[in-house]
Amino acid sequence: MRIDIITCVPELLSGPFDHSILKRAKDKGLAEVVIHNLRDYATTKYKAVDDYAYGGGAGMVMMIEPIASCIEKLKSEREYDEVIYMTPDGENFNQKEANKLSLKKNLIILCGHYKGVDQRVRDLFITKEISIGDFVLSGGELAAAVIADAVIRLIPGVLNDETSALSDSFQDDLLAPPVYTRPADYNGHKVPEILLSGHQAKIEEWRSEQAIKRTKERRPDLFKD
């Protein structure tokens, strides 16, 4: 998989992809994340990528021309499955969407900034609009990193134990059950006996019950009518 991220603040993305699972994916040749500085496509003397909004109002708007130039250049080099725009009014991102995107080959993620992008960018180039929650960030960079992390870790071969991703929260519309490790007894707080029994069928049954219980308590909205 290749993910191209377009941003006017590339410094915000200098760290997330050089560590942990994302670095492992890159080192294995399973995923590549390429950061593009939108200012490289600016045509003004001062490399401006934003301007005042027509009709007035507070805040600046990202101009269409630098974005169009960057996207068109990328699309001339390879085919893309999706051109994603990170925006608070996009579709809420969830595990099912992460699963779908993990099956794609090439993605572009455009990071919004200021008061957003010229609407014509969304009309002409964007195929999917995504939000990571009902709140506003200073820009789409951190949200883009979240999307990339959630998607890349699902690619076969990225995780040492590929079954680990299948037991994550939300994969089956349930939260993950409690987990424990050594010591078995910490100041009188003991690991549930069932987990020490070695009876795998009963352990899985317990985990399923705990997942349902936790979901009912914490996210009852996940249960379908």
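Hydrogens, waters and symmetry mates play no part in the numbers below; they use all other heavy atoms, side chains included. Index from 1, following the sequence. In this text the structure is predicted, and so the values were computed from the model without any measurement.
- Taken together through direct or relayed side-chain contacts under 4.5 Å among Ile, Leu, Val, Met, Phe, Trp and Tyr, L124 and I108 form part of one hydrophobic cluster.
- What you find for A98 and A150 is that their closest heavy atoms are CB-O, 4.1 Å.
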Does the pair M86 and I132 meet the rule for a side-chain contact (heavy atoms from CB on, under 4.5 Å), with working shown? CA-CA 8 Å; M86 302 308 306; I132 63 167; 4.1 Å; yes
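- Around CD of E32, the count of heavy atoms belonging to other residues, nucleotides or ligands within 6.0 Å exceeds 12.
- For D81 (side chain) and K105 (main-chain N/O), a donor-acceptor pair under 3.5 Å exists by modelled atom type.
- Counted within 6.0 Å of OH on Y54, heavy atoms from surrounding residues, nucleotides or ligands total 12 or fewer; the atom is thus considered open.
- Residue R153 holds its CZ atom at 5.0 Å from CG of L159, rounded to the nearest 0.5 Å.
- Hydrophobic clustering keeps L12 apart from V146 (ILVMFWY residues linked when any side-chain heavy atoms are closer than 4.5 Å, directly or through intermediates).
- With a 6.0 Å radius and a threshold of 12 heavy atoms from other residues, nucleotides or ligands, K28 has its NZ atom above the threshold.
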Verify side-chain contact (heavy atoms from CB on, under 4.5 Å) between L174 and L222, making sure each step is shown before the conclusion. CA-CA 7 Å; L174 295 174; L222 292 175; over 6 Å; no
Apply side-chain contact (heavy atoms from CB on, under 4.5 Å) to V121 and Y85, showing your working. CA-CA 9 Å; V121 172; Y85 174 49; over 6 Å; no
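- When the shell of 6.0 Å around CZ of R78 is examined, it contains more than 12 heavy atoms from other residues, nucleotides or ligands.
- Placement of I35 and I3 within a single hydrophobic cluster is found when ILVMFWY residues are connected by side-chain heavy-atom separations under 4.5 Å, directly or transitively.
- Hydrophobic clustering, with ILVMFWY side chains joined whenever heavy atoms are under 4.5 angstrom apart, groups I152 together with L30.
- Between F17 and A148, the shortest heavy-atom contact is CE2-CB, 3.6 Å.
- Distance CD1/I147 to CD1/I130: 5.0 Å, rounded to 0.5 Å.
- Looking at V33 and K26, their side chains never come closer than 4.5 Å, going by heavy atoms from C-beta outward.
- The distance from atom CD1 of I5 to atom CD1 of I84, rounded to the nearest 0.5 Å, is 10.0 Å.
- Looking at heavy atoms from C-beta onward, F93 lies in side-chain contact with L101 at the 4.5 angstrom threshold.
- V83 is not listed as a side-chain neighbour of L74, based on a closest heavy-atom distance of 4.5 Å or more.
- In terms of heavy atoms, S14 sits closest to D18 at O-OD2, 3.0 Å.
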side-chain contact (heavy atoms from CB on, under 4.5 Å) between I21 and V158, intermediate numbers included: CA-CA 7 Å; I21 290 172; V158 171; 3.4 Å; yes
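- Heavy-atom contacts from other residues, nucleotides or ligands closer than 6.0 Å to CD of E193 number 12 or fewer.
- Heavy-atom neighbours of E77 CD from other residues, nucleotides or ligands within 6.0 Å: above the threshold of 12.
- When all heavy atoms of P192 and W206 are compared, the closest pair comes out as CG-CZ2, 3.9 Å.
- Counting only heavy atoms from C-beta outward, the side chains of T7 and H113 never approach each other to under 4.5 Å.
- Here the side chains of D134 and N92 are in contact, with some heavy-atom distance below 4.5 Å.
- Counting heavy atoms from C-beta on, the side chains of M62 and L38 come closer than 4.5 Å.
- Side-chain atoms of R214 come within 3.5 Å of backbone atoms of A176 as a donor-acceptor pair (strictly under, hydrogens ignored).
- Between S197 and I203 the shortest heavy-atom distance is OG-CG1, 4.1 Å.
- Taken from CG in L13 to CG in N37, the straight-line distance is 11.0 Å, to the nearest 0.5 Å.
- When the options K104, M1, K100 are evaluated for a side chain to side chain contact (heavy atoms under 4.5 Å, CB included) with V151, the one that passes is M1.
- The structure places CD of E82 at 3.5 Å from OG1 of T127, a figure rounded to the nearest 0.5 Å.
- Rounding to the nearest 0.5 Å places NZ of K213 at 12.0 Å from OG1 of T215.
- Following chains of ILVMFWY side-chain contacts shorter than 4.5 Å, one can reach I67 starting from V49, so the two form part of one hydrophobic cluster.
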Between D173 and K96, does the salt bridge (charged side-chain N to carboxylate O under 4.0 Å, His left out) criterion hold? Intermediate values first, please. CA-CA 9 Å; D173 289 326; K96 287 185 176 64; 2.6 Å; yes
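- Between R219 and L175 the shortest side-chain heavy-atom distance falls below 4.5 Å.
- Residue R207 forms a side-chain hydrogen bond (donor to acceptor under 3.5 Å, both in side chains) with just one option from Q210, E209, E205, E204, and that option is E204.
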The test is salt bridge (charged side-chain N to carboxylate O under 4.0 Å, His left out); show your working for K73 and D40 and say whether it passes. CA-CA 12 Å; K73 178 178 184 298; D40 292 340; over 6 Å; no
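- Across C70 and H36, no two heavy atoms sit closer than the pair SG-CB, 4.1 Å.
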